[in-house]
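In listed order, ligands and their atoms are each counted from 1. Note that the numbering runs from 1 along the sequence shown for the chain.
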Amino acid sequence: MGSTSFSPSISLSPSLSPHSSKFPNPSPNLFLRSHSSFTPLTLRSNQTRYRFKKLPSSNAPNFLVAASAKAEPLKVIISGAPASGKGTQCELITQKYGLVHIAAGDLLRAEVAAASENGKLAKEYMEKGELVPDEIVVMMVKERLLQPDSQQRGWLLDGYPRSSSQAAALEDYGIRPDVFILLDVSEDILVERVVGRRLDPLTGKIYHLKYSPPENNEIASRLTQRFDDTEEKVKLRLRTHHQNVDAVLSVYKDITVKVNGNEAKERVFAQIDAALTHVGEQRKVNSGSVAA
Ligand code: AP5
């Protein structure tokens, strides 16, 4: 797993969760905190029967996993400071796992480009490196998460939630990821990544002048730079990130996988891939235990 570190435990079954009333339709992919004194157990919640099974040993801690007959699609949140590589990793994750990529920043930039009322207001905050108000962001993200493609293929949520109120809104809607990936990158690297970032408006692909240069002159000539990608603005965005990150992490600490994002993008992806594979294997074990 390299430097990937798993933090055990995850969401609780409806009968155990402190937020049980918020989960009228609980995910079948439920995890219980690993503990040596736990023994396999069966719980009933509404009409769903969950069986808990101790997983075979691996590098990761022992999760106790609850399973129902049919696994839901994977639900992933990816988080990290500005320019930590979220978008870059999302490209690689979606290529392999086929999840629907939902990026709060991209949704907002689409509103800005459309010059909608929300877009005009959002731009004021984005230019200051501040969080766009919840009234705009929360419904936007929720509606995208509930679209049929996200529900059927699973989702990869990028850059949301960024505050305790946004995390609470997801919890209130009963929307909880299977895993929360945190990209950990040192601050000097973040600034360099922001300043060198370029975007291809035709394909949406992310480049970096030094680390990920365009493949040919034609692409190079059409690359654009984001309006908030200056050293001055990234410092403001970083400040906002530091003000909020702990509150968000506290909501997901039980399912957080911290990834060393300082490395080359392929090596970062290898860590994420290992984590997602692990989650997938847990599901297979669960299905097997139910079928057995
Ligand atoms: P958003 O668009 O989400 O920006 P961000 O969080 O600042 O993140 P970035 O998109 O800048 O970076 P990234 O982590 O995706 O990195 P990337 O892969 O591109 O948000 C923008 C603004 O919108 C916010 O400031 C806020 O105002 C608003 N907003 C967004 N979400 C909100 C919310 N939930 N609530 C309220 N407001 C919200 O990589 C960066 C560069 O580094 C690229 O050039 C890439 O090629 C390069 N790179 C990536 N990985 C590597 C690597 N491993 N090695 C070398 N180079 C790499």
Side-chain angles (χ1 to χ4, degrees), residues 77-94 101-112 118-119 121-142 144-145 156-170 181-186 188-200 204-214 223-245 247-248 259-272:
I77 291 182
I78 188 163
S79 169
S84 53
K86 300 182 292 297
T88 300
Q89 294 305 317
C90 285
E91 273 180 29
L92 300 171
I93 296 168
T94 50
H101 177 208
I102 302 171
D106 289 347
L107 294 176
L108 288 167
R109 277 184 289 278
E111 290 290 326
V112 172
N118 278 346
L121 184 61
K123 190 169 185 198
E124 287 175 28
Y125 288 87
M126 293 166 85
E127 283 189 326
K128 289 186 279 183
E130 291 175 5
L131 293 184
V132 173
D134 284 358
E135 300 84 86
I136 295 176
V137 181
V138 171
M139 287 311 287
M140 192 183 274
V141 170
K142 181 203 158 199
R144 188 63 193 89
L145 282 168
L156 172 61
L157 186 52
D158 163 5
Y160 186 100
R162 288 192 198 223
S163 65
S164 56
S165 60
Q166 292 182 5
L170 277 190
I181 292 167
L182 175 66
L183 295 179
D184 190 27
V185 179
S186 62
D188 48 335
I189 291 181
L190 293 173
V191 174
E192 191 192 14
R193 286 189 186 172
V194 159
V195 175
R197 171 167 47 195
R198 297 293 182 275
L199 297 167
D200 183 343
K205 192 168 170 192
I206 306 165
Y207 290 93
H208 190 281
L209 296 179
K210 182 171 167 190
Y211 299 113
S212 217
L223 295 184
T224 59
Q225 193 171 17
R226 263 170 51 176
F227 64 82
D228 56 350
D229 268 357
T230 61
E231 189 165 345
E232 179 202 5
K233 284 194 174 130
V234 76
K235 288 192 171 148
L236 298 173
R237 283 155 62 197
L238 275 170
R239 193 179 63 189
T240 303
H241 169 76
H242 291 311
Q243 282 165 352
N244 292 289
V245 63
V248 175
V259 166
N260 177 3
N262 295 300
E263 301 184 343
K265 70 176 181 183
E266 295 78 11
R267 290 172 67 93
V268 176
F269 178 65
Q271 298 173 60
I272 295 173

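In terms of protein heavy atoms, atom 52 (C) of ligand 1 is closest to Arg193 NH2, 3.2 Å. The protein heavy atom nearest to atom 16 (O) of ligand 1 is Gly85 N, 3.2 Å. The single protein non-hydrogen atom nearest to atom 35 (N) of ligand 1 is Gln166 NE2, 2.8 Å, given as residue, atom name and distance. Atom 45 (C) of ligand 1 has as its closest protein heavy atom Thr88 OG1, 3.6 Å. Atom 32 (C) of ligand 1 has Arg162 NE, 3.4 Å as its closest protein atom, hydrogens excluded (heavy atom only). Nearest protein heavy-atom contact of atom 28 (C) of ligand 1 is Leu108 CD1, 3.7 Å. Here the protein heavy atom with the shortest distance to atom 12 (O) of ligand 1 is Ala83 N, 2.9 Å. Arg226 NH2, 3.2 Å is the protein heavy atom nearest to atom 4 (O) of ligand 1.
Leu156 pairs with exactly one of Ile78, Ile77, Ile181, Ile102 by the side-chain contact (heavy atoms from CB on, under 4.5 Å) rule, that one being Ile78. Screening Asp228, Leu190, Leu131 for a side-chain contact (heavy atoms from CB on, under 4.5 Å) involving Arg237 leaves a single residue, Asp228.
With 3.5 Å as the limit, one finds a donor-acceptor pair spanning the side chains of Asp134 and Ser165.
Considering backbone and side-chain N/O atoms, Glu263 comes within less than 3.5 Å of an N/O atom of ligand 1. In terms of polar-atom proximity, Tyr160 is not counted as a contact of ligand 1, lacking any N or O under 3.5 Å from an N or O of the ligand. The shortest N/O to N/O separation between Gly87 and ligand 1 falls below 3.5 Å. Any N or O atom pair closer than 3.5 Å counts here, and Val132 shares at least one such pair with ligand 1. Close N/O approach between Lys86 and ligand 1 is found [any backbone or side-chain N/O within under 3.5 Å]. Taking any N or O of Gly159, backbone or side chain, at least one lies under 3.5 Å from an N or O belonging to ligand 1.
Each of the following atoms of ligand 1 lies closer than 4.0 Å to a heavy atom of Ala104: 31 (N), 34 (N). Against a heavy-atom cut-off of under 4.0 Å, Asp228 is close to the following atoms of ligand 1: 21 (C). Counting the atoms of ligand 1 from 1 in the order shown, those under 4.0 Å from a heavy atom of Lys265 are 52 (C), 53 (N). For ligand 1, the atoms sitting less than 4.0 Å from at least one non-hydrogen atom of Glu130 are 26 (C), 27 (O), numbered in the order shown with element in parentheses. Heavy-atom contacts of Tyr207 reach the following atoms of ligand 1: 43 (C), 44 (O), 46 (O) (cutoff under 4.0 Å). Within ligand 1, the atoms closer than 4.0 Å to a non-hydrogen atom of Leu131 are 36 (C), 37 (N), numbered from 1 in the order shown.
Annotation: cation-pi geometry satisfied between Lys123 and Phe227 (NZ/CZ under 6.0 angstrom from ring centroid, within 45° of ring axis).
Between the side chain of His208 and the backbone N or O of Glu192 there is at least one donor-acceptor pair closer than 3.5 Å. Under the 3.5 Å distance criterion, the side-chain polar atoms of Tyr160 are matched with a main-chain donor or acceptor of Gln166.
Among Met140, Arg197, Gln89, Glu192, the residue whose heavy atom lies closest to atom 9 (P) of ligand 1 is Arg197. Counting heavy atoms only, Arg237 comes closest to atom 25 (O) of ligand 1 of the residues Arg237, Glu91, His241.
Applying the 6.0 Å contact sphere to CZ of Arg226 captures more than 12 heavy atoms from other residues, nucleotides or ligands.
Taking a 4.0 Å cut-off on heavy atoms, Gly80 fails to register as neighbouring ligand 1. The closest approach between a heavy atom of Ile136 and any atom of ligand 1 is not below 4.0 Å. Under the 4.0 angstrom criterion for non-hydrogen atoms, Arg109 is in contact with ligand 1.
With a heavy-atom cut-off of 4.0 Å, Asp158 does not touch ligand 1 at all. Using a 4.0 Å cut-off between heavy atoms, Pro161 makes no contact with ligand 1 at all.
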